[in-house]
Protein chains: 2
Amino acid sequence: MGRVETNGRRKRATVKDVATEAGVSRGTVSRVLNGQPYVSDEARAAIDAAIAKVGFVPNRAARSLVMQSSQAIGLIVHEPHSLFVEDPNIGSILLGANAALSDADYQLSCLIADSQRDIDRLARYLSGGLIDGVIIVSARVGDPITRAVADLGLPAAFVGHPRDIGEAAYVAIDNRAGAREITTRLAATGRSRIGMIAAALDRDSGSDRLAGFVDALGNRFDPQLVERVPFYSYSDGQAGMRALLQRSPDIDGVFASSDAVAAGALDVLRDAGRVVPDDVGVVGFDDSSWALRCDPPLSTVHQPADELGRAAARAVLAQLRGEDPQAGGRVLECPVVWRGSA
Amino acid sequence: MGRVETNGRRKRATVKDVATEAGVSRGTVSRVLNGQPYVSDEARAAIDAAIAKVGFVPNRAARSLVMQSSQAIGLIVHEPHSLFVEDPNIGSILLGANAALSDADYQLSCLIADSQRDIDRLARYLSGGLIDGVIIVSARVGDPITRAVADLGLPAAFVGHPRDIGEAAYVAIDNRAGAREITTRLAATGRSRIGMIAAALDRDSGSDRLAGFVDALGNRFDPQLVERVPFYSYSDGQAGMRALLQRSPDIDGVFASSDAVAAGALDVLRDAGRVVPDDVGVVGFDDSSWALRCDPPLSTVHQPADELGRAAARAVLAQLRGEDPQAGGRVLECPVVWRGSA
DNA sequence: CTGAAAGCGCTAACAC
DNA sequence: GTGTTAGCGCTTTCAG
């Protein structure tokens with residue numbers, strides 16, 4: 001397999017080696033490699049044999065260079081440490097995107113941005129021609145990654161819908177409508193003092209969920225009952241619930257802006273001796289694995305994470321084929337799932 | 001920024017454009033690009049200006065081709081769907097590896113293998129010269145990915161220690177010792193009928209944990225009390241516990257081979273009316289975010305996931321520098337963390 | 001210190 | 001059908 005150099009390191013066989021071995025020219029080898037027609041059966045056979053014999057495997061860097069494409073697309077996750085670990089949706093999105101790309105024989109490369117340094121390196125990496133397009137998950141408004149990708153003119157699709165992505169393709173859920181609906185249902189269980197733990201307001205999802213909450217409550221909305229926290233995390237859920245409880249002990253309903261947040265809230269409520277759903281009703285958002293693990297199981301808004309990933313991947317592929325990026329975006333359904341927590 | 005072609009698509013500026021703009025040769029541009037000495041200050045200044053003016057950004061495919069290296073290393077996760085989503089350790093390993101690579105200015109690319117098709121494509125991708133080395137997470141014995149990487153002679157480091165990786169570098173924890181220790185402590189709480197939910201026996205971690213359990217119990221070990229399940233998952237934990245309960249209703253201690261498994265077991269025990277830790281003591285393994293969310297919080301074995309990722313990354317980097325792959329492997333400490341579940 | 005030229009491994013005209 | 005020949009964009013001798 002492969003030639004062996006004096007230094008002992010295996011040197012990889014090239015098209016040229018295959019050509020000599022098969023007694024044909026490089027052009028012909030290239031043709032069979034790319035499945036083009038107009039190659040005699042004997043030539044094809046000789047080449048196949050030669051490929052196997054010398055252990056040839058094409059060098060993608062060379063191919064990318066000449067083709068100006070790499071058959072790889074990136075999925076960028078821009079998250080602070082903890083969230084990436086805690087948020088089960090990201091995993092589902094990843095798997096969905098991978099499935100769709102796999103069908104089209106594209107390689108998915110998941111790139112994580114976890115520091116300013118990462119962002120800079122990532123920008124350089126993306127502009128290097130080793131990635132044909134990107135799926136961007138959880139971008140924030142004014143995200144430097146968004147800018148870099150736009151500057152590069154790289155085919156892209158967003159999961160979610162930050163307001164500043166212009167005409168770029170995106171696939172999202174209607175966070176506002178989902179939040180509105182579940183809040184309405186929570187209110188319908190007879191609660192009168194409904195609060196919200198509002199996380200990630202620097203993201204479209206976060207601010208939209210808050211907006212939906214306000215919509216639903218209308219003039220019964222009381223700003224005192226909204227606690228803002230930075231992340232969609234379990235610990236921020238705990239902190240938010242503690243603050244709410246202290247400020248408004250008469251609270252009898254809580255919309256947590258994610259299931260992880262709800263889980264934190266639930267645990268704080270239990271410690272405070274409140275019974276859910278009798279004393280206070282709690283609802284979440286995401287329908288992630290947290291929801292079923294809660295006690296009682298969480299009423300929440302279902303998020304089709306896997307399908308979000310698939311659709312985003314398809315949007316990037318469409319752009320790569322030169323098709324119109326599906327006129328902006330797609331919005332997927334996010335039905336309420338009613339369980340025992342409210 | 002960049003030249004504009006007639007078709008409207010931006011064509012990227014090349015070294016040549018920079019050279020003409022700056023009135024020097026391509027060689028000189030390349031020198032400043034790579035921070036080499038022996039370039040006059042004026043030339044350097046002119047080139048820097050030209051780079052900014054034409055919006056030059058180096059093409060990595062071209063650079064990779066000539067340098068035979070890409071400054072990117074892959075992290076391969078070979079998992080069935082569900083697990084990737086449920087296992088918080090993978091996220092931490094990823095983040096740790098990313099941190100270490102980031103310091104060395106390498107790009108981490110996370111590659112997921114979720115089907116046979118993925119595996120084949122991955123093998124081709126890895127051999128393409130776009131990836132300089134790999135970190136392999138959760139490989140199984142006889143894993144095709146392991147074979148492919150070995151055939152390629154790609155610098156690699158494993159997280160975990162499948163028996164069939166030969167001399168390859170790895171970083172692992174002593175699963176057997178950890179399991180032995182926590183089982184011993186569980187027994188010391190006065191339990192006499194201790195069972196185990198043993199998952200992932202096709203992986204070194206899974207079989208080692210079982211071995212440690214057997215070690216600890218010595219002649220008090222009863223094969224009847226071991227239930228084998230496929231994955232380290234919540235649902236397999238539930239299934240395992242149900243089976244155990246039915247077969248041996250007198251069970252009073254359970255070693256679950258991961259925290260997720262333990263969480264499932266806990267919920268089944270609760271539904272069955274057993275009080276933890278009074279009626280039955282439960283311990284897990286991993287010290288992941290599941291552990292704290294359990295009620296009562298789980299006694300478990302701490303796994304330094306972040307550090308596993310970091311160390312694996314460093315091992316690959318060392319190989320890339322031509323240093324000896326640190327004589328096989330490193331084994332990290334995994335202390336028992338005692339909480340309320342036993 | 002700098003320019004010219006060769007070549008990394010592959011594909012794509014264009015001849016024959 | 002197949003060989004030949006230009007490059008893709010970059011680094012790197014080797015002269016000067």
Side-chain angles (χ1 to χ4, degrees), chain A residues 2-3 5 9-47 50-51 54-71 124-125 127-132, chain B residues 2-3 5 9-47 50-51 54-71 124-125 127-132:
Chain A
R3 308 188 305 238
E5 296 286 283
R9 235 181 175 290
R10 204 156 55 210
K11 184 137 186 346
R12 295 257 299 281
T14 77
V15 195
K16 186 170 184 173
D17 299 323
V18 176
T20 2
E21 180 67 31
V24 297
S25 78
R26 295 160 29 198
T28 309
V29 175
S30 180
R31 258 164 236 138
V32 342
L33 250 30
N34 297 291
Q36 283 166 21
Y38 303 116
V39 178
S40 69
D41 288 349
E42 6 178 9
R44 198 178 294 273
I47 290 170
I51 287 178
V54 303
F56 170 78
V57 38
N59 179 319
R60 284 183 99 96
R63 182 190 287 233
S64 296
L65 179 56
V66 53
M67 306 278 274
Q68 307 282 25
S69 105
S70 63
Q71 293 277 104
R124 266 178 291 147
Y125 185 71
S127 55
L130 265 35
I131 291 287
D132 292 344
Chain B
R3 308 186 305 235
E5 297 285 282
R9 236 181 172 292
R10 206 158 52 209
K11 183 137 192 337
R12 294 257 300 281
T14 77
V15 195
K16 186 169 183 178
D17 298 324
V18 175
T20 0
E21 180 67 32
V24 299
S25 79
R26 297 166 22 206
T28 310
V29 174
S30 180
R31 261 164 234 137
V32 345
L33 249 30
N34 296 293
Q36 283 166 20
Y38 302 118
V39 178
S40 68
D41 288 352
E42 3 179 11
R44 196 177 294 273
I47 290 169
I51 287 178
V54 302
F56 170 79
V57 36
N59 180 320
R60 284 183 97 100
R63 181 190 291 230
S64 295
L65 178 55
V66 52
M67 306 279 272
Q68 307 281 27
S69 105
S70 64
Q71 294 275 108
R124 268 179 291 146
Y125 184 72
S127 56
L130 264 34
I131 292 287
D132 292 343

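Here is the naming used below: chain letters follow the sequence lines, and residue numbers restart at 1 for every chain.
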Query raised in the report: Mapping B:Ala62 and B:Gly27 onto DNA chain C by nearest heavy atom, which one lands closer to the 5' end?
Result: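 This one resolves to B:Gly27.
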
For the side chain of [X], starting at C-beta, report the closest nucleotide among [options].
X       : options               : value
B:Thr14 : D:dG3, C:dC10, D:dG9  : D:dG9
B:Arg31 : D:dC10, C:dT11, C:dA4 : C:dA4
A:Asn59 : D:dG9, C:dG9, D:dG3   : C:dG9
B:Ser30 : D:dG3, C:dC8, D:dT12  : D:dT12
B:Val66 : C:dC10, C:dG7, D:dG3  : C:dG7
A:Gln68 : D:dT2, C:dG3, D:dG9   : D:dG9

Expressed as a whole number of angstroms, how long is the span from [X]:[atom1] to [N]:[atom2]?
X       : N      : atom1 : atom2 : value
A:Met67 : D:dG7  : CE    : P     : 19 Å
B:Leu65 : D:dG9  : CG    : P     : 12 Å
A:Leu33 : C:dG9  : CG    : P     : 15 Å
B:Glu42 : C:dT2  : CD    : C1'   : 12 Å
A:Tyr38 : C:dA12 : OH    : P     : 16 Å

Requested in this report: Take A:Asp41 and A:Arg26, find for each the nucleotide of DNA chain D with the closest heavy atom, and name the residue whose nucleotide sits nearer the 5' end.
Outcome: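 The residue closer to the strand's 5' end, by nearest nucleotide, is A:Asp41.
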
Does any non-hydrogen side-chain atom of [Y] lie less than 4.5 Å from one of [X]?
X       : Y       : result
A:Val57 : A:Arg12 : yes
B:Arg63 : B:Asn34 : yes
B:Leu33 : B:Phe56 : yes
B:Asn59 : A:Leu65 : yes

Query raised in the report: Any donor-acceptor pair under 3.5 Å linking the side chain of A:Ser64 with the backbone of A:Arg60?
Result: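 The answer is yes, because a donor-acceptor pair under 3.5 Å joins these two groups.
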
Quick one: label [X] by what it contacts on the DNA or RNA (base, sugar-phosphate, nothing), any heavy atom closer than 4.0 Å.
X       : value
B:Pro37 : nothing
A:Ser40 : sugar-phosphate
B:Val29 : nothing
A:Ala61 : nothing

